[in-house]
Amino acid sequence: MKRIIYTLALLLLVACGTHEDQKILNATDSLMAERPDSALKLLDGMKAVGQMGEEGVMHYAWNRAMAHYRLGQSLAEDTLTLDAVRYYERRQKVKGAEGSLLAAWYLHWTNRDDEALRELDRAMRNGLKGSTASEWAELAGMKYQILYQRNDYAAAERFLRDYLAHKPIPDEAVRGKLLYALATVLALQDSPDADRTFEESIRLAADKATAAECMRNYSAALSEKGEYAKSNRLLYAYARLSPETAGYSAIQLAMASNYLNQHRMDSVRICLAKAVRSEHGLEAHGQGNISRRANLEQLRAVLNFSEGRPVSSLAFSRYCDSVTTAMIEKENTSARRLETRNRLQAANYELHQSRLRLAIGILLLVFVIVGGGSLAFSLYRRKYRRLAEAEDRIITLTRMLHDAGQLRAGETHAEDGNTPDHDFFKKILLQQLGIIKLVAATPTSQNQALLKRIAAIGGGEIPTHDLLVWSDLYPIVDRLYHDFYSRLTARFGNRLTEKEIQICCLLRAGFSTKEIGVVTQQSNATIYVRKTSIRKKTGMAEGGDIVAFVEGL
């Protein structure tokens, strides 16, 4: 019983938690496009995901993977991503290329780039129904990114050229991004087409920021080819296009490197000073970069050497030490945060267990109260019913005693039609029950022994079958009622049971159904059932008079 109650309580809490989690899960659908970070926080707060059924779990896995994808985060821990994608594909609920994007992103983060590329190829080859031009470009961009990170520039070039030549790209801004990606891999392969492609991507850029980004990378490609003057002219154009970022250390370092290769040391010194101020400002805001700092120190060392000044790496070494210390401290902080998070999770789990135990206690208390009340009511009702039945039987038995005692031989009740034979048989039967003897010994209405005897028989405490000797009563029935017992047993003795024969004899002796129930200690319903059985066994019509039927044999 305790296990059943525990299970019921657990199911109740799980149902409540599941309903609440389903509402949270549905809310994340509308947040996914513009606020994936908020959606991810809501998803992290869900506690009963495992009890939501297959559809709920797949919905959760899909939304969690999509939030990580939108944020550019790893999907390595989202192990149900592929299951969710295939689940929705089977039910044709995947919109456009989203499923392939998620599957490929997951495979990429789990170091299965070959499978990711096959997934992307399958999507582009099948032409997923409902996919928009931007989603197609997103598929192409992901394939390019994977090939680029694998340093497979030739494959990336072939793919982008084929895509640009055969896929419809109605949006010029999207085409500009793809051309920019193509220009990048062409520059890495020293292709003569890189300049033209960069220039085309800059022309098709959707905004100034995108154009400036293309120009900055184009200048880096020019610098790698030794076209330092052209590279710097492009950086000055970049500065005019994006003056708010022109003073950044990365831009100034690129210009300084170009001047250095042109042996224009004064210009190098000016750009280096601007880069140092920019980098200090970035470091003050926690945006420092060790690669840029290394380039600064390298340029400073070259300048010092060219001017005959001492060259020292001590400052840079100290900076590297500070970075290392900061990384260690950050790791320690992360470890402490993880520790705190684990403690909070443990405390939350303990709180959940406490709530569960409280719910079980409440349910157990309610069960005890309701069960105890129901049991008490049932016992009271049963006792009340038995008491009422016992009182009714006592009244019937007492009336039988009164009738048998008041009537004299040869008298007849006008109101009930009793004959002297009936009264005689009742006296005989009451004598066997031991009641007449008590009346004769102490014939007072206050006789306690008589009342106890009647109550004991009427209440079922004394079995009447132990008091009644039917072997003595059957001859009396035959003598009073013209061999009724003998005729009954001769014709139906092999069909009727002993109790059914007794009921027939009592009916012949004028006993009512209630009186028969008293002397045989059976309920009225049982007597009615037995009378119906007698009629069926003797072939009588339903509701027929049993006594008249037997007398007519």
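All values reported here derive from a predicted model rather than from experimental measurement.
- Interatomic distance, Leu272 CG to Met265 CE, rounded to the nearest 0.5 Å: 11.5 Å.
- Remark: side-chain polar atoms of Glu297 are not paired, donor with acceptor, to backbone N or O of Arg293 under 3.5 angstrom.
- At least one donor-acceptor pair closer than 3.5 Å links the side chain of Thr110 to the backbone N or O of Tyr106.
- Residues Arg530 and Gln522 are in side-chain contact: their nearest non-hydrogen atoms beyond the backbone lie under 4.5 Å apart.
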Task: Step-by-step side-chain contact (heavy atoms from CB on, under 4.5 Å) determination, Leu82 to Leu107 - done: CA-CA 9 Å; Leu82 291 180; Leu107 291 168; 4.0 Å; yes
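- Within a 6.0 Å sphere centred on CD of Gln189, other residues, nucleotides and ligands contribute more than 12 heavy atoms.
- The residues Arg300 and Glu279 are annotated as not salt-bridged, no charged nitrogen and carboxylate oxygen being separated by less than 4.0 angstrom.
- Atom NZ of Lys274 sits about 15.0 Å away from atom OH of Tyr248, to the nearest 0.5 Å.
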Task: Test log, rule salt bridge (Lys or Arg N to Asp or Glu O under 4.0 Å), inputs Glu200 and Lys177 - done: CA-CA 10 Å; Glu200 182 68 9; Lys177 288 182 179 179; over 6 Å; no
Open item on the list: One pair to check against salt bridge (Lys or Arg N to Asp or Glu O under 4.0 Å): Arg86 and Glu89. What are the steps and the verdict?
Closed with: CA-CA 5 Å; Arg86 304 304 177 224; Glu89 283 180 351; 3.2 Å; yes
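- Nearest heavy atoms, Leu75 versus Leu102: CD2-O, 4.0 Å.
- A salt bridge is absent between Arg175 and Glu172; no separation between the charged side-chain nitrogens and carboxylate oxygens falls under 4.0 Å.
- At a threshold of 4.5 Å between non-hydrogen side-chain atoms, the residues Arg292 and Leu282 count as touching.
- Proximity of a side-chain donor or acceptor of Ser306 to a complementary backbone N or O of Val302 within less than 3.5 Å is detected.
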Task: Residue pair Arg161, Leu186: steps toward the side-chain contact (heavy atoms from CB on, under 4.5 Å) verdict - done: CA-CA 11 Å; Arg161 285 187 183 279; Leu186 289 173; 3.5 Å; yes
- [ ] In sequence, state the C-alpha distance, the side-chain angles, and the governing distance for Trp62 and Glu98, and then conclude on side-chain contact (heavy atoms from CB on, under 4.5 Å).
- [x] CA-CA 10 Å; Trp62 174 281; Glu98 284 184 337; 3.7 Å; yes
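- Of all heavy-atom pairs between Ala65 and Thr81, the closest is CB-OG1, 3.6 Å.
- Using a 30° and 60° split on the angle between ring planes, His108 and Trp105 fall in the tilted class, from 30° to 60°.
- Between Leu260 and Tyr228 there is no side-chain heavy-atom pair separated by less than 4.5 Å.
- Closest of all the heavy-atom pairs between Leu241 and Ala212 is CD2-N, 3.8 Å.
- The pair Asp113-Lys143 fails the salt-bridge criterion, with no side-chain N (NZ, NE, NH1 or NH2) lying under 4.0 Å from an Asp/Glu carboxylate O.
- A donor-acceptor contact shorter than 3.5 Å is absent between the side chain of Ser191 and the backbone of Ala187.
- Between Arg90 and Glu55 no salt bridge is recorded (no basic side-chain N to carboxylate O distance below 4.0 Å).
- The aromatic rings of Tyr218 and Phe198 lie parallel to each other, their planes meeting at an angle below 30°, with 60° marking the opposite boundary.
- Closest heavy-atom contact between Met255 and Cys271: CB-SG, 4.0 Å.
- Interatomic distance, Ser30 OG to Arg35 CZ, rounded to the nearest 0.5 Å: 9.0 Å.
- Of all heavy-atom pairs spanning Ser100 and Ala123, the tightest one is OG-CB, 3.2 Å.
- Here the closest heavy-atom approach between residue Leu235 and residue Ala254 is recorded as CD1-CB, 3.8 Å.
- No side-chain heavy atom of Asn258 sits less than 4.5 Å from a side-chain heavy atom of Lys230.
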Open item on the list: Assess the residue pair Thr210 and Asp207 against the criterion (side-chain hydrogen bond (donor to acceptor under 3.5 Å, both in side chains)); give the C-alpha distance rounded to whole Å, side-chain angles, the decisive distance to 0.1 Å, and a yes or no.
Closed with: CA-CA 5 Å; Thr210 304; Asp207 49 49; 2.7 Å; yes
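- No donor-acceptor contact under 3.5 angstrom links the side chains of Tyr259 and Asn261, judged on distance only.
- Side chains of Asn217 and Glu213: a donor on one and an acceptor on the other come within 3.5 Å.
- Salt bridge absent: Asp152 and Arg158 never bring a charged side-chain N and a carboxylate O closer than 4.0 Å.
- Separating the CD atom in Gln298 from the OG atom in Ser257 is a distance of 7.5 Å, to the nearest 0.5 Å.
- The backbone N or O of Ala275 lies less than 3.5 Å from no partner atom in the side chain of Ser249, so there is not a single donor-acceptor pair.
- No donor-acceptor distance shorter than 3.5 angstrom exists from the side chain of Gln252 to the backbone of Ile270, with no hydrogens or angles considered.
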TODO: Kindly determine whether Arg203 and Glu199 satisfy salt bridge (Lys or Arg N to Asp or Glu O under 4.0 Å), including the steps that lead there.
DONE: CA-CA 6 Å; Arg203 187 183 67 81; Glu199 290 168 0; over 6 Å; no
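- With a 6.0 Å radius and a threshold of 12 heavy atoms from other residues, nucleotides or ligands, Lys225 has its NZ atom above the threshold.
- Tyr148 has its ring centre less than 6.0 Å from the ring centre of Tyr153.
- Salt bridge status for Arg70 with Asp37: absent, with no side-chain N to carboxylate O gap under 4.0 Å.
- Under the 4.5 Å side-chain criterion, counting only non-hydrogen atoms from C-beta, Phe305 is not in contact with Arg309.
- The structure places CE of Met124 at 9.5 Å from CG of Asp162, a figure rounded to the nearest 0.5 Å.
- The shortest side-chain heavy-atom distance between Ser242 and Glu244 falls under the 4.5 Å cut-off.
- Once rounded to the nearest 0.5 Å, the distance linking NE2 of His280 with NE2 of His285 reads 14.0 Å.
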Open item on the list: Checking Leu80 against Arg64 for the side-chain contact (heavy atoms from CB on, under 4.5 Å) test, could you report, in this order, the C-alpha distance in whole Å, the side-chain angles of both residues, the deciding distance, and whether it holds?
Closed with: CA-CA 10 Å; Leu80 291 176; Arg64 186 176 179 82; over 6 Å; no
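- Donor-acceptor pairing under 3.5 Å is recorded for the side chains of Tyr238 and Thr245.
- The shortest side-chain heavy-atom distance between Leu222 and Asp195 falls under the 4.5 Å cut-off.
- Within the 3.5 Å criterion, the main-chain N or O of Ser219 finds a donor-acceptor partner in the side chain of Ser231.
- Looking at Asn332 and Ile328, their side chains come closer than 4.5 Å, going by heavy atoms from C-beta outward.
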